[in-house]
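Just so we're clear, the structure is a prediction, and the values are computed from it rather than from any experiment.
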Amino acid sequence: MGILIKPIVTEKLTAETEKYNRYGFIVDRAANKLQIKAAVEQFYNVSVTDVNTVNYHGKRKSRYSKSGILRGRMNHFKKAYVTLAGDDKIDFYSNI
């Protein structure tokens, strides 16, 4: 399984991309910053200056149904915010 799972494309992160040249990814929970940096540099052919990571704990969810209350939990995941050097850019829509 790869280190990069999927990119995060939201309005808030798009504004950060324009201002600070920072991109977000959902990454493997066991990956460290050096592995994330190497994976982004290899996959997108850019140079990375900084990597910040955040671990998210899965929230408990419940809903009512005909068969009663269903309880569960969302998955744990890890986000990585990657800052690129200079004029490097990542185009997520080039493969579409």
Side-chain angles (χ1 to χ4, degrees):
M1 182 174 164
I3 293 175
L4 299 177
I5 296 174
K6 66 179 180 178
I8 303 170
V9 182
T10 60
E11 287 184 33
K12 184 176 182 179
L13 207 52
T14 303
E16 274 196 35
T17 298
E18 294 170 358
K19 192 172 183 180
Y20 302 113
N21 203 17
R22 187 176 296 154
Y23 295 86
F25 297 93
I26 302 289
V27 296
D28 184 24
R29 289 180 57 207
N32 61 26
K33 292 181 181 184
L34 297 175
Q35 293 170 337
I36 295 168
K37 179 180 178 179
V40 171
E41 287 178 345
Q42 179 185 2
F43 193 75
Y44 291 107
N45 296 323
V46 294
S47 58
V48 176
T49 59
D50 191 27
V51 177
N52 298 329
T53 58
V54 181
N55 283 309
Y56 284 91
H57 186 71
K59 295 181 180 180
R60 294 194 181 277
K61 296 281 187 174
S62 64
R63 64 184 168 102
Y64 297 99
S65 67
K66 288 183 179 179
S67 61
I69 299 173
L70 298 175
R71 292 190 174 100
R73 179 183 54 78
M74 293 182 63
N75 291 335
H76 305 301
F77 61 96
K78 186 177 202 176
K79 282 185 186 178
Y81 296 103
V82 177
T83 305
L84 301 183
D87 294 332
D88 289 343
K89 300 285 182 200
I90 295 175
D91 186 16
F92 295 126
Y93 303 110
S94 64
N95 297 339
I96 296 177

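Annotation: salt bridge (Lys or Arg N to Asp or Glu O under 4.0 Å) contacts involving residues 81-96, sequence neighbours excluded, are absent.
Residues Val9 and Phe92 share a closest heavy-atom pair of CG2-CD1, 3.9 Å. The two atoms that bring Gly58 and His76 nearest to each other are N-ND1, 2.8 Å, heavy atoms only. Across every non-hydrogen atom of Asn21 and Ala85, the tightest pair is ND2-O, 4.3 Å. Shortest non-hydrogen contact noted between Phe77 and Ile26 is CD1-CD1, 3.8 Å.
Evaluated for a side chain to side chain contact (heavy atoms under 4.5 Å, CB included) with Phe25, the options Ile5, Ile3, Val40, Ile8 yield exactly one hit, Val40.
The hydrophobic cluster containing Tyr20 does not contain Val46, counting ILVMFWY residues as joined when their side-chain heavy atoms lie under 4.5 angstrom apart, directly or transitively.
Separating the CD atom in Glu41 from the CD1 atom in Ile36 is a distance of 12.0 Å, to the nearest 0.5 Å. One distance of note links NZ of Lys33 with CG of Asn52; it measures 5.5 Å at 0.5 Å rounding. Considering CZ of Arg73 and CZ of Arg60, their distance stands at 7.5 Å, rounded to 0.5 Å.
Checked by atom type and distance alone, the side chain of Gln35 pairs as donor or acceptor with a backbone atom of Asn32 at under 3.5 Å. Formation of a donor-acceptor pair under 3.5 Å by the Thr83 side chain with backbone atoms of Thr49 is not found in this model.
Remark: Lys78 pairs with Val27, Arg29, Thr53, Asn55 by the side-chain contact (heavy atoms from CB on, under 4.5 Å) rule, at least two apart or across chains. In this structure Glu16 satisfies the salt bridge (charged side-chain N to carboxylate O under 4.0 Å, His left out) test together with Arg22, sequence neighbours excluded.
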Run the side chain to side chain contact (heavy atoms under 4.5 Å, CB included) test on Thr17 and Tyr23 for me, step by step, so that the C-alpha distance in whole Å, both residues' side-chain angles and the decisive distance to 0.1 Å come before the verdict.
CA-CA 6 Å; Thr17 298; Tyr23 295 86; 3.4 Å; yes
Kindly indicate, with the supporting measurements, whether the criterion side chain to side chain contact (heavy atoms under 4.5 Å, CB included) is fulfilled by Leu84 and Val48.
CA-CA 4 Å; Leu84 301 183; Val48 176; 3.9 Å; yes
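Between Leu4 and Tyr44 the shortest side-chain heavy-atom distance falls below 4.5 Å.
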